[in-house]
Amino acid sequence: MTGPQRRAQLMGIGRALFAARGMDSTTIEEIAASAGVSKPVIYEHFGSKEGLYTQVVELEFQILLESINEALGAEAKPRVLVERAALALLGYIEDRTDGFRILMRDAPPSQPEGAFSTLLSHVTARVEHLLSDEFARRGFSTADGAMYAQMLVGMVAMTGQWWLESREPEKRVVAAHLVNLAWNGLTGLQKEPELKSEA
């Protein structure tokens, strides 16, 4: 196995163990045994269990952030951007469940405030910019964009945490209902919401 292949293998094994048990409850011996290597091999690649954990978190953080940035970066109407962002988060949870569990759980030393909190701050800044433009277009106070961005991102994030365990209904239905509430408010809810963006 080449160095990069071994590194990827160790990160994959570490991700699965950290997701299942948390960093503190996972031992370097377990990681080494699962990979079929000695402990010094892990130290050689990552320096420590914490070093491996930090690398796993940073990779997952970047994958999710890039997915959401891509969803918010394309030209589209604000409602469609909200749909795409919700689908990006739910898609990440579906495809990289272990990664999401890790982002939700322990803060690595490089991000003492927490990986998921840091991620949400990045996303909220993007959403705030989008909402400020939309608020200005409608004649609302652009200063309120920051507050509404927190509300919107918080709603999507909490729904994602709930869906992580339930997985029902499927992600497009969840996203449609999320956007229904975000876009229409409680008084304007549609009985059978549908997404406006393509599948």
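The figures here come from the full heavy-atom set of this structure, side chains too, leaving out hydrogens, waters and symmetry mates. By convention here, the first residue in the shown sequence is residue 1.
- Checked against F61 for a side-chain contact (heavy atoms from CB on, under 4.5 Å), the options L64, L65, L59 give a single hit: L65.
- A salt bridge links E165 to R101: one of the charged nitrogens lies within less than 4.0 Å of a carboxylate oxygen.
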Q: Please test V37 against R6 for side chain to side chain contact (heavy atoms under 4.5 Å, CB included), starting from the C-alpha separation and ending with a verdict.
A: CA-CA 10 Å; V37 300; R6 178 66 73 193; 3.3 Å; yes

Q. Should Q55 and H45 be marked as a side chain to side chain contact (heavy atoms under 4.5 Å, CB included) after you check the CA-CA gap, both sets of side-chain angles, and the distance that decides it?
A. CA-CA 10 Å; Q55 289 296 306; H45 283 278; over 6 Å; no

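- Linking ILVMFWY residues whenever their side-chain heavy atoms come closer than 4.5 Å, directly or via other members, leaves V41 and M1 in distinct clusters.
- Separation of atoms CG (N69) and CG (L72) is listed at 6.5 Å; rounding is to 0.5 Å.
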Q: For the pair Y43 and I28, evaluate side chain to side chain contact (heavy atoms under 4.5 Å, CB included) and give the outcome as yes or no after the intermediate values.
A: CA-CA 9 Å; Y43 295 131; I28 201 89; 3.7 Å; yes

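- Of the possible donor and acceptor atoms, one in the side chain of Q5 sits under 3.5 Å from a partner among the backbone N and O of T2.
- Of the N and O atoms on the side chains of S132 and R137, not one donor lies less than 3.5 Å from an acceptor on the other residue.
- Distance CD/Q9 to OG/S34: 9.5 Å, rounded to 0.5 Å.
- Neither side chain, S67 nor E70, offers a donor N or O lying under 3.5 Å from an acceptor on the other.
- Y92 and E60 form a side-chain donor-acceptor contact under 3.5 Å, judged by distance and modelled atom types alone.
- Among all heavy-atom pairs drawn from G91 and K171, the shortest one is CA-NZ, 3.9 Å.
- In this structure, L178 is not a member of the same hydrophobic cluster as V173, with clusters built from ILVMFWY side-chain heavy atoms closer than 4.5 Å.
- The hydrophobic clustering, which links ILVMFWY residues whose side-chain heavy atoms are closer than 4.5 Å, places L89 and W162 together.
- With a 4.5 Å cut-off on side-chain heavy atoms, V179 and P193 do not count as touching.
- With K49 contributing its side chain and T26 its backbone, the two residues share a donor-acceptor pair below 3.5 Å.
- With a 4.5 Å cut-off on side-chain heavy atoms, R15 and R96 count as touching.
- Annotation: F135 is in aromatic contact with Y148 [ring centroid separation under 6.0 Å].
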Q. Would L130 and R126 count as a side chain to side chain contact (heavy atoms under 4.5 Å, CB included) if you check the C-alpha gap in whole Å, the side-chain angles of each, and the deciding distance to 0.1 Å?
A. CA-CA 7 Å; L130 294 171; R126 293 289 307 273; 5.6 Å; no

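- Residues L87 and V80 are members of separate hydrophobic clusters, defined by side-chain heavy-atom contacts under 4.5 angstrom among Ile, Leu, Val, Met, Phe, Trp and Tyr.
- Not one N or O on the side chain of W163 forms a donor-acceptor pair closer than 3.5 Å with the backbone of I93.
- Aromatic pair F46/Y53: ring centres not closer than 6.0 Å.
- In summary, of the residues considered (L90, V174, T97), a side-chain contact (heavy atoms from CB on, under 4.5 Å) with R167 occurs for T97 alone.
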